[in-house]
2 protein chains.
Amino acid sequence: MKKKKKNENSSKIFLGHDHGVCFGDAITQIEDYFIKKKLQLTPLRRKVFEILIEDHKPLGAYEILEKLGKTGFSSSPPIAYRVLDFLIVHGFVHKVQGLNGFIACSNPNHSHFPTFVICRKCEKVAEVSEEKSGLKLPSPEISNFKIEKTTIELTGICSTCENAEIR
Amino acid sequence: MKKKKKNENSSKIFLGHDHGVCFGDAITQIEDYFIKKKLQLTPLRRKVFEILIEDHKPLGAYEILEKLGKTGFSSSPPIAYRVLDFLIVHGFVHKVQGLNGFIACSNPNHSHFPTFVICRKCEKVAEVSEEKSGLKLPSPEISNFKIEKTTIELTGICSTCENAEIR
DNA sequence: GTTAGTGTGTTATGTTATAACATGTAATGA
DNA sequence: TCATTACATGTTATAACATAACACACTAAC
Ligand SMILES: [Zn+2]
Ligand SMILES: [Zn+2]
Ligand SMILES: [Zn+2]
Ligand SMILES: [Zn+2]
């Protein structure tokens, strides 16, 4: 039998939240991953991840630092940038270039090339998987180029905000 | 003698330069566009565009400022950022987010959603059109989101650099 | 118990971008 | 004619984002 599943969601990528994992799940996932990979999920790293997963929207490094400071950690810039780099390398955080912000991955624990859909008005950001976005990358052979990392960000206006616009 | 067709390059997007318009052409194109749209191609705007088209690679705002300073213009930051914004709005320049750099458009004068292919080793950057990239954006209706602007950047290693790598 | 690797902290600095205000010039139109 | 507007450029100061370099503690390995 054919699956219609995919298209059900794809018609409203930007509605609701496409939060594959929610708070508890996310913490469990990162714990498991760190154990499996023999990495240290230190209090600092855990805190930074919690800050990001909490309201699951992009935060600037300095916003994160402020929150860290309030919970007893150092709030000097290298602290945040180092931990963020680490979490990015291991796929639990992405950088949203267009906002100079950092966001918890919606579907971590596997390598992927996500698309970020960003409403310029309400500033909501959705992470959309390759399948759902309908976006297909060029095959490496064709482009004669080995893709290691992608930055794909679609900025515009979500239907909610568009309907609310007067112009 | 026939002219080489564009798709001859499409199997090697990243080789040679995918420079749809070269220096003279580019200047002519921007002149025509500005006249048609009744915009002022002032000496400053022209100079910034010339700087970018000259070696057609991404330059930082402060690199551009330095070059401006050497030719008698002001070299205070707002000068560059304002002109760059203007040229971006009118489609003659793109920002390469991954490099905090600005690059002259390879195929200006029409609206498009280009892909930038960036070699992390030689730092060459190619602007690839939607057709050539093989990359297809989700249709607006499907995503329930009106795309106004895209940032699509593929970072990795070009075949030339890969062949030269020891590892 | 020395060494190497890792994680966090600190100070200082580098890089990228914008806010706010000032001046000049040309077109518009009471 | 002379205000009004629009626009282009210039200046100063500062904001926002990011990294270099060094210090110190902890642990595991040798
Ligand atoms: Zn993700
Ligand atoms: Zn919105
Ligand atoms: Zn272009
Ligand atoms: Zn290369």
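Throughout, protein chains are lettered first and strands after them, A, B, ... in sequence-line order, and every chain is numbered starting at 1.
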Review point. Between B:Thr42 and B:Asn100, who's closer to the 5' end of DNA chain D by nearest nucleotide?
Key: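 With B:Thr42 and B:Asn100 compared, the 5'-side residue is B:Thr42.
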Tell me: [atom1] of [X] to [atom2] of [N], nearest whole Å?
{"X": "B:Leu68", "N": "D:dT11", "atom1": "CG", "atom2": "C1'", "result": "15 Å"}
{"X": "A:Ile64", "N": "D:dC17", "atom1": "CD1", "atom2": "P", "result": "11 Å"}
{"X": "A:Phe73", "N": "C:dG7", "atom1": "CZ", "atom2": "P", "result": "15 Å"}
{"X": "B:His90", "N": "D:dC7", "atom1": "NE2", "atom2": "P", "result": "11 Å"}
{"X": "A:Leu41", "N": "C:dG7", "atom1": "CG", "atom2": "P", "result": "11 Å"}
{"X": "A:Glu63", "N": "D:dA15", "atom1": "CD", "atom2": "P", "result": "17 Å"}
{"X": "A:Arg82", "N": "D:dC17", "atom1": "CZ", "atom2": "P", "result": "19 Å"}
{"X": "B:Leu84", "N": "D:dA8", "atom1": "CG", "atom2": "P", "result": "15 Å"}

Point to revise | Hphob cluster co-occupancy, B:Ile103 + B:Ile30, side-chain heavy atoms under 4.5 angstrom | key: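 Looking at the clustering, B:Ile30 is in a separate group from B:Ile103.
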Exercise for review: Look at the side-chain heavy atoms of Ile, Leu, Val, Met, Phe, Trp and Tyr, link any pair under 4.5 Å apart, and say whether B:Leu59 and B:Phe86 land in one connected group.
Suggested key: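 Yes.
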Review point. Taking 4.0 angstrom as the limit, do A:Glu31 and A:Arg46 come out as a salt bridge?
Key: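 A salt bridge links A:Glu31 with A:Arg46.
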**Study point:** B:Glu63, CD: over 12 other non-hydrogen atoms inside 6.0 angstrom
**Key:**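 It does: B:Glu63 CD has more than 12 such atoms within range.
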Where the side chain of [X] is defined as all heavy atoms beyond and including C-beta, which of [options] is the nearest nucleotide?
{"X": "B:Tyr62", "options": "C:dT16, C:dT8, D:dG10", "answer": "C:dT16"}
{"X": "A:Gln40", "options": "D:dT11, C:dT6, D:dA8", "answer": "C:dT6"}
{"X": "B:Ile79", "options": "C:dT8, D:dC7, D:dT11", "answer": "D:dT11"}
{"X": "B:Leu44", "options": "D:dT12, D:dG10, C:dT8", "answer": "D:dG10"}
{"X": "B:Pro78", "options": "D:dT12, D:dT9, D:dG10", "answer": "D:dT12"}

Residue-phosphate contact under 4.0 Å: [X] side-chain N/O, [N] OP1/OP2:
{"X": "B:Lys95", "N": "C:dA17", "result": "yes"}
{"X": "A:Lys38", "N": "D:dT27", "result": "no"}
{"X": "B:Ser74", "N": "D:dT11", "result": "yes"}

Review point. So, do A:Tyr81 and D:dT19 meet the stacking rule of ring centres under 5.5 Å and planes under 30°?
Key: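 A:Tyr81 ring does not meet the centre or angle cut-off for D:dT19; no stack.
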**Study point:** DNA chain C: 5'-proximal contact among A:Pro77 and A:Phe86 (nearest heavy atom)
**Key:**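 Counting from the 5' end, the first nearest nucleotide belongs to A:Phe86.
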Check your understanding: Parallel, tilted or perpendicular: which fits the ring planes of B:Tyr62 and B:Tyr81, with parallel below 30° and perpendicular above 60°?
Key ->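 Ring orientation, 0 to 90° scale: perpendicular.
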